[in-house]
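Here's the structure, in structure tokens; my notes come after.
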Amino acid sequence: GDPNGLWTFRFDPDEHDTSEKVLFRDTPYQFTVPAGRTGTNGLRDALDVIDFMVGHPSTAEFICLKLINRFVSDEITLRSYHDGSAPADLMALMDDAVRAWKSTTPAGNIAQVLRTILKPATLDGPFWARANHRAKVKTPIEFINSTARALGANIGGTSLPVSNEELGMHLFTRDDPDGWSESGLDWIDTGTLLARMDFAQTLSADRVNDVRWDLTAWLAANQLSSAASIVDYFNQLLFQGAMPASNRELLIRFGTTDDAGNPLPLEPNRSDYAARVRELVGFILSVPQWHFQ
């Protein structure tokens with residue numbers, strides 16, 4: 001009953017079909033599982049099928065594409081790869097990844113494929129291209145986790161999966177065995193974007209169940225007090241100083257004016273200080289750039 005327990009392959013000889021099985025019949029990849037394997041020898045049937053699937057070209061393409069979509073770009077699909085309409089650099093990267101998959105014995109060494117995609121030795125290729133930097137939308141679980149980490153919040157209990165469902169991802173309930181989509185268009189629409197903003201603002205207000213954010217301790221630990229210092233802190237932490245100047249100006253103005261746009265100092269000695277800092281932080285964690293990896 002432990003969801004974190006060890007998952008194993010279970011073979012029951014009494015439930016095993018010992019007849020011949022043919023996979024991908026009448027194709028270049030036809031594969032036959034022989035008849036007559038009895039007792040525990042029937043376990044070899046499953047292992048042979050797994051070995052065959054690892055060597056099948058569709059498996060290589062599917063997993064290599066998943067890894068490229070995960071780490072590099074959404075701008076390539078199996079359809080655009082096969083018809084040649086994907087960007088040339090991603091087409092070449094896909095070819096390289098598939099070759100890397102086939103280059104090992106047995107095939108499918110994920111470490112080798114990732115080295116080909118990420119190129120840590122040479123630091124070149126699409127993964128390192130500026131056009132692909134912060135170009136992928138976070139999945140719901142990535143958005144929730146990164147937002148909580150940005151605040152250094154303390155997480156306990158089991159309520160966050162509910163928030164994840166509100167953002168569109170129901171954990172462990174996907175019917176299709178192809179994994180969750182890596183395409184940003186599948187995660188962002190009017191409803192889910194609003195849900196993300198609501199989560200960020202609720203978290204900054206310290207009203208998310210099982211998640212606690214000690215604002216006073218956070219301000220003291222980071223030596224922050226003014227609107228400008230808070231905005232600049234998150235600019236460096238979240239965006240490495242790349243926040244557009246117009247965004248920075250807008251955020252500081254939000255933190256130093258009232259609802260009518262009149263000047264209203266954000267000062268620690270004011271009774272509304274903590275509430276307004278929480279509002280400012282929630283606003284910062286709602287900017288468009290924070291929805292990208």
Side-chain angles (χ1 to χ4, degrees), residues 3-4 67 69-72 74 114 118 120 127 132-172 179-184 186-188 192-244 247-248 251 254-255 274-293:
N4 297 312
L67 292 172
N69 287 158
R70 177 69 182 85
F71 292 102
V72 183
D74 298 346
L114 282 175
L118 305 180
F127 175 76
N132 293 326
H133 181 61
R134 296 192 185 281
K136 286 187 54 61
V137 172
K138 296 175 183 176
T139 64
I141 196 169
E142 289 170 337
F143 181 80
I144 287 175
N145 289 350
S146 60
T147 301
R149 288 171 180 166
L151 298 182
N154 294 315
I155 301 174
T158 59
S159 67
L160 281 184
V162 176
S163 298
N164 209 61
E165 291 179 9
E166 293 172 352
L167 271 59
M169 177 185 279
H170 299 258
L171 297 178
F172 306 116
W180 291 104
S181 172
E182 292 293 341
S183 173
D186 292 333
W187 296 117
I188 290 289
T192 55
L193 181 59
L194 181 61
R196 288 178 181 229
M197 296 170 64
D198 182 67
F199 174 81
Q201 292 164 14
T202 303
L203 181 60
S204 66
D206 202 30
R207 290 189 284 107
V208 173
N209 291 336
D210 301 326
V211 182
R212 299 276 69 86
W213 180 44
D214 188 330
L215 174 63
T216 301
W218 177 82
L219 288 169
N222 295 291
Q223 300 181 332
L224 303 173
S225 60
S226 68
S229 66
I230 293 171
V231 171
D232 289 341
Y233 168 83
F234 280 111
N235 185 17
Q236 290 299 324
L237 177 69
L238 308 183
F239 310 115
Q240 294 75 57
M243 178 186 291
N247 280 30
R248 180 179 181 275
L251 291 168
F254 174 84
R276 290 175 58 206
V277 169
R278 291 185 184 278
E279 290 177 353
L280 174 59
V281 172
F283 190 19
I284 293 171
L285 295 174
S286 300
V287 298
Q289 293 89 344
W290 185 233
H291 296 279
F292 291 86
Q293 296 177 0

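None of these values were measured; they are calculated from a predicted model. The first residue of the sequence shown is numbered 1, and numbering continues consecutively from there.
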Is there side-chain contact between Val211 and Leu160, with heavy atoms separated by less than 4.5 Å?
yes

For Ala153 and Trp213, work out which heavy atoms get closest and say how close.
CB-CB, 4.5 Å

Beyond-backbone contact of Gln289 with Met243, side-chain heavy atoms, under 4.5 angstrom:
no

Side chain of Asp74, backbone of Gly184: donor and acceptor closer than 3.5 Å?
yes

For Ile155 and Ala148, the nearest pair of non-hydrogen atoms, with its separation, is CD1-CB, 3.7 Å

Rounded distance [0.5 Å steps], CG in Leu203 versus CD1 in Ile144
9.5 Å

Measuring only between side-chain heavy atoms, which start at C-beta, is Arg70 closer than 4.5 Å to Gln293?
yes

Side chains of Phe239 and Val287: closer than 4.5 Å at any heavy-atom pair?
yes

Rounded to the nearest 0.5 angstrom, the NE2-OG1 distance for His291 and Thr147 is 8.0 Å

Begin from the C-alpha positions of Leu215 and Val281 and carry the test side chain to side chain contact (heavy atoms under 4.5 Å, CB included) through to its verdict.
CA-CA 10 Å; Leu215 174 63; Val281 172; 5.6 Å; no

Walk me through it: do Phe234 and Leu251 pass the test side chain to side chain contact (heavy atoms under 4.5 Å, CB included)?
CA-CA 11 Å; Phe234 280 111; Leu251 291 168; over 6 Å; no

Of all heavy-atom pairs between Gln236 and Gly241, which one has the smallest distance, and what is that distance?
NE2-CA, 3.4 Å

To the nearest 0.5 Å, atom CG of Asp214 lies from atom CG of Leu219 at 9.0 Å

Can you tell me how far apart CZ (Phe283) and CZ (Arg276) are? Round to the nearest 0.5 Å.
14.0 Å

So, for Ser181 and Asp186, which heavy atoms are closest and what is the spacing to 0.1 Å?
OG-OD2, 2.5 Å

Non-hydrogen side-chain atoms of Asp232 and Arg248 separated by less than 4.5 Å
yes

Donor-acceptor pair, side chain of Lys136 and main chain of Asn69, under 3.5 angstrom
yes

Let me see the working for Tyr233 and Leu238 under side chain to side chain contact (heavy atoms under 4.5 Å, CB included), right down to the final yes or no.
CA-CA 8 Å; Tyr233 168 83; Leu238 308 183; over 6 Å; no

Heavy-atom pair with the smallest gap, counting every atom of Thr158 and Asp210
N-OD2, 3.3 Å

Validation row: Leu114, Phe71 side chains within 4.5 angstrom (heavy atoms)
yes

Looking at Gln240, I'd like to know if its CD atom is crowded, meaning that more than 12 non-hydrogen atoms belonging to other residues, nucleotides or ligands lie closer than 6.0 Å.
yes

Could you state the interatomic distance from CG (Leu167) to CD (Glu165), rounded to the nearest 0.5 Å?
10.5 Å

Find out whether Val137 and Phe143 are in side-chain contact, i.e. whether some heavy atom of one side chain is under 4.5 Å from a heavy atom of the other.
no

Looking at the rings of Trp290 and Phe199, which for Trp means the six-membered one, are their centres under 6.0 Å apart?
no

Can you name the nearest heavy-atom pair linking Lys138 to Phe292, along with the distance?
CE-O, 3.2 Å

Distance-only, no hydrogens or angles: does the Ser159 side chain make a donor-acceptor pair with backbone N or O of Asn209 under 3.5 Å?
yes

Working to the nearest 0.5 angstrom, can you tell me the gap between Arg278 CZ and Gln201 CD?
13.5 Å

Quick check: does any side chain N or O of Thr192 sit under 3.5 Å from a backbone N or O of Trp187, one acting as donor and the other as acceptor?
yes

Side chains of Arg196 and Ser286: closer than 4.5 Å at any heavy-atom pair?
no

